[in-house]
Participant: 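Pasting a structure below so you can have a look.
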Amino acid sequence: MCRPNRCLNTLKKSPKDLALLGGPKAFTEPYHVGRPNLGDRKQLMARLNDILDRRWLSNFGHYVQEFEKKIAEISGTKHAIACSNGTVALEIASRALNLHGEVIVPAFTFIATAHALQWQEITPVFADVRAHDHNLDPAQIERHITPKTSGILGVHLWGQACDTEAIEAIAKKRNLQVMYDASHAFGCDAAKGPIGGQGRATVFSFHATKFINAGEGGAVVTNDDELAAKMRLMKNFGFRTYDEVIHVGTNGKMDEFSAALGLTNLESMEEIVAVNRRNRETYRKELEGIPGIRLLEYRPKGRFNYQYVIAEVDKSCAISRDSLVKVLWAENFLARKYFWPGCHRMEPYKSLFPNAYLTLPVTEEVSSKILVLPTGQTVDGEAIRKAAELIRFVVKNGPAIEKELAKKG
Ligand code: T4K
């Protein structure tokens with residue numbers, strides 16, 4: 001149930017009742033996309049105390065090792081290498097694979113996917129995505145392959161696997177490396193088995209906003225023993241023993257406190273997925289029939305974590321996506337426009353590739369209509385019903401609201 005101090009029963013009767021136009025807020029406290037989910041607090045405190053008792057705070061401690069074991073188990077891989085965050089995990093994995101020159105990535109992703117490459121002076125070359133699942137379109141990959149291309153970095157966006165079989169077939173034919181950014185897809189299924197074992201390496205994020213979080217955290221999983229050993233070295237400055245450095249490296253280690261939080265949250269994974277699934281179902285039911293708004297469909301089969309509730313606000317909708325977001329924010333319902341603008345429209349890529357948009361029509365279209373809705377443990381059915389009622393009202397009065405917003409400037 002909606003806690004009474006968070007969610008007011010403010011039925012809007014006219015556009016003037018909207019908070020953006022001077023009315024009271026529908027929600028007294030903000031509803032975020034990415035409010036952390038938390039497992040058993042007592043268990044976490046016990047672990048934190050144990051860490052202090054052990055006086056072992058980082059560098060392959062007890063809890064990091066346990067966390068790695070669980071991640072590998074869930075993703076069905078031989079190795080999991082815990083890292084300080086998903087971005088560093090992407091950097092380590094792409095470097096360990098010796099990616100260089102150009103790497104093909106979808107333009108419709110979080111900026112970290114591209115930055116992890118660019119940070120190492122590898123050029124991300126943006127390819128378009130598919131309208132139905134927002135994932136890299138295999139049919140668009142080959143047009144971007146040049147003699148400088150060394151690999152493909154696919155993204156399993158929103159927890160749905162991209163077409164790994166098609167991507168890997170192209171890579172094989174063109175002699176390219178493949179790795180995946182599965183920052184959204186921990187605990188989800190690919191076509192054949194859990195996400196994790198596809199390509200040469202797969203990266204997860206356990207950032208605070210992810211459905212399983214370690215505060216900050218990430219991991220690379222792989223079935224390749226040699227690659228795993230290399231990445232372990234790389235995340236610890238290349239040290240093999242205390243006094244011996246045998247590889248270039250960085251500090252990419254996860255600390256014990258993060259691992260303890262991650263482990264504790266992992267123990268509530270089924271419960272968190274159930275909350276996410278129920279929230280998505282409530283959104284689906286409550287938003288049904290609102291013209292121009294629809295939820296992104298999941299494949300009929302497979303495990304998903306439902307950590308993002310993705311809606312699209314079509315051009316046919318009586319209010320624009322951007323105006324709807326403005327209205328919702330004023331009401332304290334902080335829906336997001338992930339990932340608008342596409343990576344190709346952010347720096348440094350905007351300046352490097354000013355014409356990239358010409359080959360990215362689906363990215364352009366999808367990023368202009370995406371609406372990501374708050375979910376997770378802190379969002380309940382009552383809040384969703386209230387938000388859907390608000391959205392229905394806003395769409396119904398779309399033209400009048402747009403007119404008022406235009407007057408406001
Ligand atoms: N690849 C992909 C495809 C990714 O989506 C991401 C990260 C990465 C790679 C990189 O992984 P990491 O290096 O982050 O492990 C957020 C997250 O920061 C980012 O992790 C995530 N993707 C991205 C999709 O969303 P922002 O900048 O939009 O929002 P942020 O982090 O400020 O948080 C969003 C909201 O969540 C806040 O408004 C309030 C709430 N929040 C956040 C934190 C951190 C809380 O309530 N409590 C908190 O502790 O990027």
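As the structure lists them, so they are numbered: ligands from 1, and atoms in each ligand from 1.
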Participant: Check contact between L157 and ligand 1, using heavy atoms of the residue and a distance below 4.0 angstrom.
Facilitator: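 Distance cut 4.0 Å: L157 fails for ligand 1.
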
Participant: What verdict does the salt bridge (charged side-chain N to carboxylate O under 4.0 Å, His left out) test give for K70 and E73, after you've listed the backbone C-alpha separation in whole Å, the side-chain angles of each residue and the deciding distance to 0.1 Å?
Facilitator: CA-CA 5 Å; K70 290 261 161 63; E73 222 172 86; over 6 Å; no

Participant: Is the closest basic N to carboxylate O distance between E288 and R284 below 4.0 Å?
Facilitator: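 Yes, E288 and R284 are salt-bridged.
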
Participant: By number and element, which atoms of ligand 1 are closer than 4.0 Å to a non-hydrogen atom of A208?
Facilitator: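 Heavy-atom distances to A208 below 4.0 Å select 44 (C), 49 (O).
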
Participant: Can P36 be said to touch ligand 1, with heavy atoms closer than 4.0 Å?
Facilitator: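 P36: in contact with ligand 1 (<4.0 Å).
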
Participant: Out of all atoms in ligand 1, which are within 4.0 Å of some heavy atom of V33? Include the element for each.
Facilitator: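 Atoms satisfying the 4.0 Å criterion: 34 (C), 35 (C), 36 (O).
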
Participant: For N85, take its heavy atoms, then give the atoms of ligand 1 lying under 4.0 Å from any of them.
Facilitator: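 This gives 13 (O), 15 (O) as the contact atoms.
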
Participant: Within a distance under 4.0 Å of any heavy atom of R336, pick out the atoms of ligand 1 and give their elements.
Facilitator: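 By the 4.0 Å cutoff, the relevant atoms are 28 (O), 29 (O), 34 (C).
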
Participant: Can you check which of K210, H156, E91 brings a heavy atom nearest to atom 22 (N) of ligand 1?
Facilitator: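 Closest candidate by heavy-atom distance is K210.
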
Participant: Taking distance alone, with no angle check, do Y308 and ligand 1 share an N/O pair under 3.5 Å?
Facilitator: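 No, since none of the N or O atoms of Y308 sits under 3.5 Å from an N or O of ligand 1.
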
Participant: Tell me the nearest of W158, F206, F110 to atom 6 (C) of ligand 1, using heavy-atom distances.
Facilitator: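 When every heavy atom of W158, F206, F110 is considered, F110 comes closest to atom 6 (C) of ligand 1.
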
Participant: Report the residues that fulfil salt bridge (Lys or Arg N to Asp or Glu O under 4.0 Å) with R47, sequence neighbours left out, ordered by chain and then residue number.
Facilitator: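 Scan of R47 (salt bridge (Lys or Arg N to Asp or Glu O under 4.0 Å), adjacent residues dropped) gives E267.
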
Participant: Using a distance-only test with no angle check, is there a side-chain donor-acceptor pair under 3.5 angstrom linking T202 and Q198?
Facilitator: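 Not at all, the side chains of T202 and Q198 share no donor-acceptor pair under 3.5 Å.
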
Participant: Looking at R35, which atoms of ligand 1 are within less than 4.0 Å of one of its heavy atoms?
Facilitator: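 Taking each heavy atom of R35 in turn, ligand 1 has 45 (C), 46 (O) under 4.0 Å.
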
Participant: If you measure every N/O of E216 against every N/O of ligand 1, is any gap under 3.5 Å?
Facilitator: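 No, since none of the N or O atoms of E216 sits under 3.5 Å from an N or O of ligand 1.
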
Participant: Is it the case that over 12 heavy atoms from other parts of the model lie below 6.0 angstrom from the CZ atom of R232?
Facilitator: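 Buried by this count: over 12 neighbours within 6.0 Å.
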
Participant: Can you pull the salt bridge (charged side-chain N to carboxylate O under 4.0 Å, His left out) pairs that have at least one residue in residues 296-320, sequence neighbours excluded?
Facilitator: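 As it turns out, the salt bridge (charged side-chain N to carboxylate O under 4.0 Å, His left out) pairs with a partner in residues 296-320, which skip direct neighbours, are D189-R303, R294-E312, E312-K369, D314-K369.
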
Participant: For the residue pair F186 and F211, categorise the inter-ring angle as parallel (less than 30°), tilted (30 to 60°) or perpendicular (more than 60°).
Facilitator: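 Taking F211 first and then F186, their aromatic rings sit tilted (interplane angle of 30° to 60°).
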
Participant: How are the rings of F339 and F110 set relative to one another: parallel (under 30°), tilted (30 to 60°) or perpendicular (over 60°)?
Facilitator: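 Rings of F339 and F110: tilted, 30 to 60°.
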
Participant: Would you check if the distance from the ring center of F353 to the ring center of H344 is below 6.0 Å?
Facilitator: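 Between F353 and H344, the centre distance exceeds or equals 6.0 Å.
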
Participant: Could you see which bit of T87 sits under 4.0 Å from ligand 1, with heavy atoms only: side chain, backbone, both or neither?
Facilitator: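 Both parts.
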
Participant: Is ligand 1 under 4.0 Å from a heavy atom in the side chain of F204, in the backbone, in both, or in neither?
Facilitator: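 F204 to ligand 1: no contact under 4.0 Å from either part.
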
Participant: Would you say atom 27 (O) of ligand 1 makes contact with the protein, given that contact here means a non-hydrogen protein atom less than 4.0 Å away?
Facilitator: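 There is no protein heavy atom less than 4.0 Å from atom 27 (O) of ligand 1.
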
Participant: Any atom of ligand 1 sitting under 4.0 Å from a heavy atom of G217?
Facilitator: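 A heavy atom of G217 does come that close to ligand 1.
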
Participant: Could you check whether atom 46 (O) of ligand 1 has a protein contact, counting only heavy atoms that fall below 4.0 angstrom?
Facilitator: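 So far as the 4.0 Å threshold goes, atom 46 (O) of ligand 1 is in reach of a protein heavy atom.
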
